[in-house]
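First the structure, in the form of structure tokens, and then the observations on it.
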Amino acid sequence: MADLGELVDLLDLAVADAAGVSTPADREAAATIAAALRRRRDYLGSAIVVAIAGGTGSGKSSLLNALAGEEIASTSPIRPHTNEPMAWAPSGDDTMRALLESMGISSIVDNSSMSSIALLDLPDIDSIVDDHRATVEELLPHIDAVIWVFDPVKYSDPTMHDDFLRRWSATSASSCSR
Ligand SMILES: Nc1nc2c(ncn2[C@@H]2O[C@H](COP(=O)(O)OP(=O)(O)OP(=O)(O)O)[C@@H](O)[C@H]2O)c(=O)[nH]1
Ligand SMILES: [Mg+2]
């Protein structure tokens with residue numbers, strides 16, 4: 001099986017050959033994926049990024065705090081609360097820092113108990129602050145695994161199921177149902 005580098009080279013070639021037979025928007029989307037894959041390939045095997053995602057108030061920041069065993073993420077009864085992604089990442093891991101910085105994540109708390117894995121607390125996907133959802137949608141293509149957190153009050157919310165789970169399950173081995 002070809003390695004990821006060869007596949008990305010082939011994708012670049014396909015994008016170049018597609019001029020005139022596909023729309024500029026489609027070519028740009030494919031070229032963006034190729035560029036992101038090429039960047040991510042530099043870190044394969046040495047850094048895994050896991051995001052905690054979901055609706056506002058579902059308990060994303062609280063879950064990260066529970067996993068960390070200390071209050072590293074700010075929580076609040078006021079919705080929405082988390083405005084920017086925040087990472088709990090291995091201390092002294094320059095590779096991980098570089099990867100997180102390439103994703104635009106500057107808020108990083110040291111994790112001295114795990115290596116190679118960063119856990120991200122993300123903003124919400126369903127509050128009145130549209131920027132939060134935009135931030136999550138921009139980050140998701142660069143994330144290796146996602147922990148989706150559901151609020152029992154809005155467990156059947158179409159935003160979560162239709163806009164995120166169905167859409168992203170197409171790019172992973174997992175499936176979802178509503
Ligand atoms: N009463 C009270 N409830 C809190 C407090 N902090 C968090 N909660 C509640 O705990 C639940 C989860 O809160 P968070 O962990 O901040 O939720 P979140 O998913 O990170 O929410 P966003 O950051 O808005 O996306 C919600 O029901 C909050 O109302 C607090 O200081 N007081
Ligand atoms: Mg939060």
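Every number for a ligand or one of its atoms is a count from 1 in the order of the listing. The model shown is predicted, which means the values in this text are computed figures rather than measured ones. The figures here come from the full heavy-atom set of this structure, side chains too, leaving out hydrogens, waters and symmetry mates.
- At a threshold of 4.5 Å between non-hydrogen side-chain atoms, the residues S62 and T75 count as touching.
- When the heavy atoms of A73, S58, P77, S76 are ranked by distance to atom 1 (N) of ligand 1, first place goes to P77.
- The protein heavy atom nearest to atom 25 (O) of ligand 1 is K60 NZ, 2.7 Å.
- Residues D121 and S61 have side chains that bring a donor and an acceptor to within less than 3.5 angstrom of each other.
- Nearest to atom 12 (C) of ligand 1 by heavy-atom distance, out of A66, P80, G59, is G59.
- Using a 4.0 angstrom heavy-atom cutoff, S127 does not count as in contact with ligand 1.
- Looking only at side-chain heavy atoms (C-beta outward), L165 and M160 come within less than 4.5 Å of each other.
- Under the 4.5 Å side-chain criterion, counting only non-hydrogen atoms from C-beta, H132 is in contact with P80.
- For ligand 1, the atoms lying closer than 4.0 Å to a non-hydrogen atom of T82 are 22 (P), 23 (O).
- T82 places no side-chain N or O within 3.5 Å of a backbone atom of E84 that could act as its donor or acceptor partner.
- Within the protein, the number of N/O/S atoms found under 2.8 Å from the Mg ion (ligand 2) is 2.
- Applying the salt bridge (Lys or Arg N to Asp or Glu O under 4.0 Å) test to every pair with at least one member in residues 35-58, sequence neighbours left out, gives these pairs: D3-R41, D9-R38, D12-R38, R40-D144.
- Between F164 and L140 there is a side-chain heavy-atom pair separated by less than 4.5 Å.
- When the heavy atoms of S62, G55, G54 are ranked by distance to atom 13 (O) of ligand 1, first place goes to S62.
- Under the 3.5 Å distance criterion, the side-chain polar atoms of S127 are left unmatched by any main-chain donor or acceptor of D124.
- Heavy atoms of other residues, nucleotides or ligands lying less than 6.0 angstrom from CD of E138 number 12 at most.
- Ligand 1 places these atoms under 4.0 Å from at least one heavy atom of D124: 25 (O).
- Although no hydrogens or angles enter the test, the distance criterion places a donor-acceptor pair under 3.5 Å between the side chain of N65 and the main chain of I72.
- Scanning all protein heavy atoms for the shortest distance to atom 16 (O) of ligand 1 gives R79 NH2, 3.1 Å.
- Atoms of ligand 1 found under 4.0 Å from any heavy atom of H81 (numbered from 1 in listed order, with element): 22 (P), 23 (O), 24 (O).
- A salt bridge links R97 with D110; the closest basic N to acidic carboxylate O contact falls under 4.0 Å.
- Heavy-atom proximity to atom 11 (C) of ligand 1, evaluated over S61, A53, G57, is greatest for G57.
- Every N/O-N/O distance between S74 and ligand 1 stays at or above 3.5 Å.
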